[in-house]
Amino acid sequence: MSDQYDFREVEAKWQARWEKDQVHRAQAEAGKSNFYGLEFFPYPSGDGLSVGHFRNYVPSDAACRYRSMRGYNVLHPMGWDAFGLPAEREAIRKQRSPREMVREYAANYRRQLKLGGIAYDWSREINSSDPEFYHWTQWFFLLLYKRGLAYRTNQSANWCPSCETGLAREEVKEGRCWRCGTLIEKKPMPQWFFKITEYADRLLSDLDRLDWPESTKKMQREWIGRSEGAEVVFPIMGEPVSSESMSEGAIHVFTTRPDTLFGATFMVLAPEHPLVETITTASDRADVEAYVEQSQRTSEIDRLSAERTKTGVFTGAYARNPVNGEAIPVWIADYVLMGYGTGAIMAVPAHDQRDFEFARKYDIPIRLVYQIKDGPRTPDEMTEALPEGGVVINSGPFNGLPNNSDTVHAFVKWLETSGMGKGMVMTRLRDWLISRQRYWGAPIPMIHCERCGEVPVPEDKLPVLLPDVQHYEPTGTGESPLAAMPEFVNTRCPQCGGSARRETDTMSGFACSSWYFLRFADPHNDNVFASPEALKTWLPVDLYVGGAEHAVMHLLYARFWTKVMYDARLLDFEEPFLTLRHQGMVLIETPGRRPTSGEAGGEESEETVIDWVVLKPEERGKVPEDEWVWRWAKMSKSSGNVITPDEMAEQYGADSLRVYEMFVAPFEETVQWTDSGIQGASRFLHRVWRLYRDSLVRFTPGWPDEIAASDLSPADRKLRRKLHQTIQKVGQDIEGFSFNTAVAALMELVNEMYAYVQGPGAPGSGRNADVTLSEALDDLALLIAPLAPHLADELREQLGHAGYAYHASWPVFDAAAAVDEEITYVIQLNGKLIDRITLPASTTDEEAKEMAISSDRAVSLTQGKTIRKVIVVPRKLVNIVAG
RNA sequence: GCCGAAGUGGCGGAAUGGCAGACGCGGCUGACUCAAAAUCAGUUGCCCGCAAGGGCGUGGGGGUUCGAGUCCCCCCUUCGGCACCA
């Protein structure tokens with residue numbers, strides 16, 4: 001072995017060999033279990049990968065490599081989420097073809113990932129913008145269409161004026177586009193939707209059986225937002241209260257509190273509610289129309305920044321409360337949303353805070369229908385709506401019932417038998433808007449025929465190719481650029497043969513990512529998206545790793561598509577990702593400055609005060625260095641703070657980078673990048689190298705693995721004990737995604753090995769010392785293989801092993817060897833540490849107790865006191881309770 | 001406002017209700033060196049003490065327990081998510 005660890009040479013050598021021998025190719029060998037490890041497939045950006053991205057790929061790679069060593073067939077593939085807005089916008093900016101650009105960027109990503117030693121099966125690489133791929137994206141669209149799960153409608157959509165496309169509700173964060181932060185507008189236009197709402201119940205209930213972070217499951221649950229209640233019908237009355245004449249129609253409301261029906265003293269419609277037009281009385285029309293117009297104009301901004309003071313106007317109309325026949329006024333107010341429930345509510349101010357505020361403001365009567373012990377007895381005593389609890393009052397036959405779900409059910413039952421309403425479940429989930437009015441996506445495979453209407457493209461005519469064109473900028477009309485390409489648009493109707501127009505919207509990139517994980521099982525199949533055999537072998541995904549930001553986008557959509565495919569009998573599983581883990585972010589200390597007065601306030605609300613602005617590279621010359629303010633920030637090219645895996649591999653080696661990324665903090669924690677940290681990891685690997693370099697002469701190939709403990713010196717047994725404890729711990733830690741403690745355990749083992757070969761009394765003098773050392777050298781090279789694979793293979797070669805750690809077996813844990821021979825008991829007096837005694841492992845609890853009580857410290861400290869009790873924790877501690 | 005996660009030395013972090021601070025970074029002392037780097041050895045929570053030893057310590061305050069970083073209640077701070085969902 002060379003004197004110094006030349007990591008550049010070693011890593012290049014092994015990367016070349018892995019590639020040449022196709023070491024990481026997934027093969028379904030019979031008799032072995034299969035393991036599918038996957039990371040969210042990335043959009044290959046022109047910025048390249050940073051060490052931040054590696055925090056996703058590296059630990060996941062370690063987990064996959066470990067599975068391979070544990071005897072699994074491992075599928076660990078990589079591909080490119082190439083379609084979508086980021087690629088298109090960048091291509092427009094650079095005046096390039098997005099197809100070529102993405103290919104080039106993907107090649108760079110591939111190079112970087114290889115540089116990091118990530119064990120991908122590159123023979124399965126996919127690109128969602130390849131026709132061989134989006135052929136099947138379109139095929140799935142048709143599948144959804146045929147199953148009645150895709151429809152086109154003209155309802156108003158979320159429109160991002162900067163991205164110039166409609167967006168799904170999941171892509172709107174706090175009223176802004178999730179990508180560019182632009183305020184979202186409402187725009188009525190024909191758009192394609194997927195009926196994800198039809199799967200709401202299953203998407204909700206199946207979460208229970210997933211090994212996912214609880215926070216992510218919770219987010220999905222809340223996003224789906226299921227609530228049980230009742231729909232109640234309030235007939236609309238004609239003119240004033242006294243009249244019993246009915247005007248047309250009735251107001252349907254959804255309520256989760258049908259038990260408060262007798263307390264409804266007014267109703268509220270959303271300003272956009274269709275009935276507003278018909279029920280408003282002539283005298284109120286002017287006010288109502290003004291309000292509707294105002295709420296349309298300001299709704300998005302207001303609903304975010306306004307203090308949520310309730311506003312509204314009376315329509316002049318009344319509705320009849322079906323439970324007691326009372327006429328109650330109908331208002332409109334923007335605190336009622338058209339997008340949820342029926343867009344109309346019955347207002348019970350006594351028991352709903354929003355209704356309470358509204359009633360107080362507009363002087364509408366409040367009626368209690370629950371009496372809480374020592375609570376208010378009249379509305380005048382109230383300062384806020386009454387919470388849960390109490391017994392029903394003012395509610396006819398229901399008076400006296402307690403506030404619980406049985407009472408709610410009793411009301412629902414009554415509504416149903418009397419025909420006033422019925423039980424109903426409502427969800428917040430909306431159907432998924434899939435249309436994008438942009439060029440760079442999979443064309444929606446539909447044809448519009450004047451005679452036949454909407455006609456799907458026949459399956460044998462797939463894929464509908466995205467034309468390669470020079471100009472693909474948005475048209476500014478709200479239509480896709482494809483609409484301006486007659487050669488694309490004009491076609492024949494597959495049904496009647498007449499002239500027809502192609503659908504010109506493309507699909508959201510989230511369509512591609514809703515099924516790509518299936519394609520990896522069989523990526524080059526031309527006849528089907530993946531063969532049933534390949535799917536059966538590899539799917540579902542055993543381990544899925546990616547950022548938490550997709551909790552309610554990709555991760556919800558992919559679950560939905562999987563369930564649809566399951567229902568179509570294309571898959572035999574209903575959940576695509578069995579285990580999910582989110583990696584933490586990587587932050588780096590970044591120079592910034594105090595904001596100028598213009599930046600500080602801006603259009604942000606007072607809650608998000610900006611007190612720091614990144615100093616972009618081009619601005620750094622303008623601010624004196626002693627005025628720079630350093631903060632931990634995310635890496636991005638525009639902030640000029642990116643650390644690339646390339647430079648780290650060059651300076652410290654890919655293995656050092658890998659070990660550092662795993663050691664620095666628990667996997668899911670945000671971490672702070674430091675150079676001294678990676679230096680520590682590098683130092684550790686060099687230390688391992690020197691250990692092998694200096695111990696190689698003593699290495700005995702084919703050391704016998706069965707040597708009686710009595711034939712080993714105490715030092716030998718100590719080393720073996722540490723070794724086998726480490727074998728167990730590292731395995732458990734990798735499985736538990738606790739990579740930082742796995743690295744720490746390996747460091748401890750290496751420290752122990754150093755002590756063994758060069759400490760006092762060393763080098764192990766017993767006759768089996770070399771055997772013990774050989775076992776440790778052999779096993780350590782395997783144990784570090786998932787984390788530092790290049791070094792591991794090199795060390796194994798130095799030890800005389802052919803082949804690759806990837807295909808070698810994980811060391812066998814010997815429980816007997818790992819057992820401690822001596823135990824240090826802690827002696828406590830009243831819970832405070834007073835002494836420690838080391839006793840043989842065979843000591844009984846009773847013996848330990850006696851030894852503890854009679855120890856010098858215990859005797860002197862308990863003098864004059866009565867020992868009331870002695871607690872012995874087996875093999876750990878003796879606590880003497882005295883006083 | 002609601003929901004979730006977290007708060008431990010100078011720093012990153014470790015710890016099935018049982019020795020707080022594993023492991024690493026940084027610091028200090030020493031060895032090697034003409035010197036430096038690298039490496040190695042020792043040391044390193046804080047306070048008092050020459051020492052033996054003692055006291056205090058896991059965001060704050062209560063509680064349960066023989067024993068609490070860990071469990072329970074209240075509060076504070078930070079980060080993430082949702083935000084008039086009837």
Side-chain angles (χ1 to χ4, degrees), chain A residues 4 173-175 213-219 221-223 225-227 229 253-257 260 264 267-268 270 302-304 306-310 333-337 339-348 351-355 357-358 426-430 548-549 551-552 582 584-585 659-660 663-666 668-681 683-684 686-687 690 738 740-751 754 758-759 824-836 868-883:
Chain A
Q4 279 296 306
K173 304 285 173 199
E174 301 191 354
E214 272 312 314
S215 55
T216 302
K217 293 206 260 187
K218 185 121 195 162
M219 269 192 243
R221 283 192 193 104
E222 284 177 4
W223 192 259
R226 183 183 196 274
S227 49
V253 304
F254 171 73
T255 176
T256 55
R257 293 295 304 277
T260 61
M267 303 193 72
V268 186
D302 254 10
R303 287 177 191 188
L304 294 167
E307 274 296 299
R308 278 182 224 153
T309 2
K310 307 278 176 292
D334 63 7
Y335 81 90
V336 173
L337 310 171
Y340 181 76
T342 59
I345 62 161
M346 65 171 203
V348 184
H351 302 286
D352 181 285
Q353 185 60 25
R354 294 156 303 187
D355 299 345
E357 288 166 21
F358 194 85
M426 196 53 72
T427 59
R428 287 194 226 185
L429 186 67
R430 298 273 77 87
E549 68 276 11
V552 288
H582 299 306
M585 287 187 301
V659 167
Y660 173 54
F663 181 60
V664 61
E668 62 283 356
E669 295 292 312
T670 296
V671 302
Q672 302 175 343
W673 181 273
T674 61
D675 279 350
S676 57
I678 190 171
Q679 281 162 21
R683 198 173 298 158
F684 167 61
H686 279 90
R687 199 165 138 79
R690 290 193 303 271
S738 180
N740 57 329
T741 52
V743 174
L746 288 167
M747 287 172 166
E748 284 187 52
L749 174 62
V750 169
N751 290 344
Y754 265 100
Q758 60 182 207
T824 300
Y825 280 83
V826 169
I827 305 177
Q828 293 181 336
L829 178 61
N830 297 330
K832 281 188 65 169
L833 173 80
I834 54 167
D835 205 0
R836 299 185 178 90
R868 283 202 285 262
K869 194 161 147 190
V870 178
I871 288 155
V872 182
V873 180
R875 304 171 70 80
K876 280 226 168 71
L877 152 158
V878 180
N879 187 16
I880 301 163
V881 185

Undergrad: Is there a side-chain polar atom (N or O) of N740(A) under 4.0 Å from OP1 or OP2 of rA14(B)?
TA: yes
Undergrad: Does OP1 or OP2 of rC40(B) have a side-chain N or O of R690(A) closer than 4.0 Å?
TA: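 Checking rC40(B) against R690(A), a side-chain N or O does come within under 4.0 Å of OP1 or OP2.
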Undergrad: M219(A) has a side chain; which of rG81(B), rA86(B), rC66(B) sits nearest to it?
TA: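 Per side-chain heavy atoms of M219(A), the pick is rG81(B).
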Undergrad: Quantified in whole Å, what is the C1' atom distance between nucleotide rU77(B) and nucleotide rG60(B)?
TA: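 Nearest-Å result for rU77(B) against rG60(B) at atom C1': 10 Å.
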Undergrad: Just how far, in rounded Å, is C1' of rG1(B) from NZ of K310(A)?
TA: 11 Å
Undergrad: Whole angstroms only, please: what is the CD-C1' distance between E222(A) and rC84(B)?
TA: 16 Å
Undergrad: When the distance from CZ of R428(A) to P of rC3(B) is rounded to whole Å, what number comes out?
TA: 13 Å
Undergrad: Look up atom OG1 in T824(A) and atom CG in L877(A), then write down how far apart they are to the nearest 0.5 Å.
TA: 12.0 Å
Undergrad: Indicate, with a heavy-atom threshold strictly under 4.0 Å, whether D355(A) touches base, sugar-phosphate, or nothing.
TA: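 No contact.
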Undergrad: Find which nucleotide of RNA chain B each of K173(A) and T256(A) is nearest to by heavy atoms, and output the residue with the more 5' nucleotide.
TA: K173(A)
Undergrad: Give the nucleotide from the list rG4(B), rA86(B), rG12(B) with an atom nearest to the side chain of Q672(A).
TA: rG12(B)
Undergrad: At under 4.0 Å between heavy atoms, which parts of nucleotides 15-20 of chain B does protein reach? Answer with one letter per nucleotide, 5' to 3': B base, S sugar-phosphate only, - none.
TA: -B-BB-
Undergrad: Does rG9(B) fall in syn (glycosidic angle within 90° of 0) or anti?
TA: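 Base orientation relative to the sugar is syn.
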Undergrad: What's G677(A) touching, base or sugar-phosphate or nothing? Going by heavy atoms closer than 4.0 Å.
TA: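 Nothing, no heavy atom under 4.0 Å.
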Undergrad: Report yes if some heavy atom in the side chain of M426(A) is under 4.5 Å from a heavy atom in the side chain of T256(A); otherwise report no.
TA: no
Undergrad: Using the C1' atom as the reference point in each nucleotide, state the distance between rG57(B) and rC48(B) in Å, no decimals.
TA: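 These two C1' atoms come out 15 Å apart once rounded.
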Undergrad: Are K310(A) and Y335(A) in a cation-pi setup, meaning NZ or CZ lies under 6.0 angstrom from the ring centre and within 45 degrees of the ring axis?
TA: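 Yes; both conditions hold, so K310(A) lies above the ring face of Y335(A).
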Undergrad: Classify S227(A) by what it touches in the nucleic acid, base, sugar-phosphate, or nothing, heavy-atom distance under 4.0 Å.
TA: sugar-phosphate
Undergrad: Working to the nearest 0.5 angstrom, can you tell me the gap between R226(A) CZ and R428(A) CZ?
TA: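 Interatomic distance, R226(A) CZ to R428(A) CZ, rounded to 0.5 Å: 13.5 Å.
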Undergrad: Taking atom CG of N751(A) and atom CZ of F684(A), what is their separation to the nearest 0.5 Å?
TA: 8.5 Å
Undergrad: CD1 of I834(A) versus C1' of rC66(B): gap in Å, rounded?
TA: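 Whole-Å distance recorded here is 13 Å.
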Undergrad: Rounded to the Å, how far apart are L749(A) CG and rA22(B) P?
TA: 18 Å
Undergrad: Between rA86(B), rG26(B), rG12(B), spot the one nearest the side chain of L337(A), thanks.
TA: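 Among the listed nucleotides, the one closest to the side chain of L337(A) is rA86(B).
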Undergrad: Flag the pair R687(A) / R683(A) as yes when at least one side-chain heavy-atom distance between them is below 4.5 Å, and no otherwise.
TA: no
Undergrad: Please report the distance, rounded to the nearest Å, between CH2 in W223(A) and P in rC3(B).
TA: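 Distance check: W223(A) CH2 to rC3(B) P gives 19 Å.
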Undergrad: Side chain of V881(A) only, please: which of rG12(B), rC3(B), rC66(B) is the nearest?
TA: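 So the nucleotide nearest the side chain must be rC66(B).
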Undergrad: With a 3.5 angstrom cut-off on both distances, give the Watson-Crick or G-U wobble partner of rU77(B), or none if there isn't one.
TA: rA6(B)
Undergrad: Looking at residues at least two apart in the chain, or sitting in another chain, which of them share a side chain to side chain donor-acceptor pair (under 3.5 Å) with E748(A)?
TA: K722(A)
Undergrad: Answer yes or no: is there a side-chain heavy-atom contact under 4.5 Å between Y660(A) and T674(A)?
TA: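 Sidechains of T674(A) and Y660(A): in contact.
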Undergrad: Write down the distance separating the P atoms in rU58(B) and rG63(B), rounded off to the nearest Å.
TA: 16 Å
Undergrad: Atom CG in D355(A), atom CD in Q353(A): separation rounded to 0.5 Å?
TA: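 Reported value, rounded in 0.5 Å steps: 9.5 Å.
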Undergrad: For rC23(B), which nucleotide in any strand shown is its Watson-Crick or wobble partner with both distances under 3.5 Å?
TA: rG12(B)
Undergrad: Quick one: on RNA chain B, does R430(A) or R683(A) contact a more 5' nucleotide (nearest heavy atom)?
TA: R683(A)
Undergrad: Taking any strand in view, what nucleotide pairs with rC66(B) in a Watson-Crick or G-U wobble way, both distances under 3.5 Å?
TA: rG18(B)
Undergrad: Can you tell if the side chain of R257(A) reaches within under 4.5 Å of the side chain of D352(A), non-hydrogen atoms only?
TA: no
Undergrad: At under 4.0 Å, does any side-chain N or O of K869(A) touch on OP1 or OP2 of rC66(B)?
TA: yes
Undergrad: So which protein N/O to nucleotides 54-59 of chain B N/O distances come out below 3.5 Å?
TA:
none

Undergrad: Measure the CG-CG distance between L829(A) and N879(A) for me, rounded to the nearest 0.5 Å.
TA: 7.5 Å
Undergrad: What interatomic distance, in whole Å, is found between C1' of rU64(B) and the corresponding atom of rC73(B)?
TA: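 It comes out at 11 Å once rounded to the nearest Å.
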Undergrad: Rounded to whole angstrom units, what separation is found between the NZ atom of K217(A) and the C1' atom of rG4(B)?
TA: 14 Å
Undergrad: In the strands shown, is rC56(B) matched to any nucleotide by a Watson-Crick or G-U wobble pair with both distances under 3.5 Å, and which?
TA: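 Check on rC56(B): paired to rG45(B), both distances under 3.5 Å.
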Undergrad: Using atom P in both nucleotides, what's the gap between rG1(B) and rG45(B) to the nearest angstrom?
TA: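 Pairwise P distance, rG1(B) against rG45(B), rounds to 42 Å.
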Undergrad: In whole angstroms, how far is the P atom of rG24(B) from the CH2 atom of W673(A)?
TA: 19 Å
Undergrad: Measuring only the P atom in each nucleotide, how far is rG7(B) from rU70(B)? A whole number of Å is fine.
TA: 11 Å
Undergrad: Please state the C1' separation for the pair rG10(B) and rU44(B) - nearest whole angstrom.
TA: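 Comparing C1' positions in rG10(B) and rU44(B) gives a spacing of 11 Å.
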Undergrad: Show the nearest heavy-atom pair for residues L833(A) and V826(A), with the distance to one decimal.
TA: CD1-CG1, 3.3 Å
Undergrad: Output yes when at least one side-chain N/O atom of R687(A) is less than 4.0 Å from OP1 or OP2 of rC40(B), else no.
TA: yes
Undergrad: Which nucleotide, in any strand shown, forms a Watson-Crick or G-U wobble pair with rU39(B), with both distances under 3.5 Å?
TA: rA31(B)
Undergrad: Could you tell me how far rG12(B) sits from rU16(B) if I compare only their C1' atoms? Round to whole Å.
TA: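 Each nucleotide's C1' atom is 24 Å from the other's.
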Undergrad: Give the minimum heavy-atom separation between P213(A) and H582(A), together with the two atoms involved.
TA: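 Between these two residues, the closest heavy atoms are CG-CD2, 3.5 Å.
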Undergrad: Taking any heavy-atom pair under 4.0 Å as a contact, classify R868(A): base, sugar-phosphate, or nothing.
TA: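 No contact at all - R868(A) keeps every heavy atom at 4.0 Å or more from the nucleic acid.
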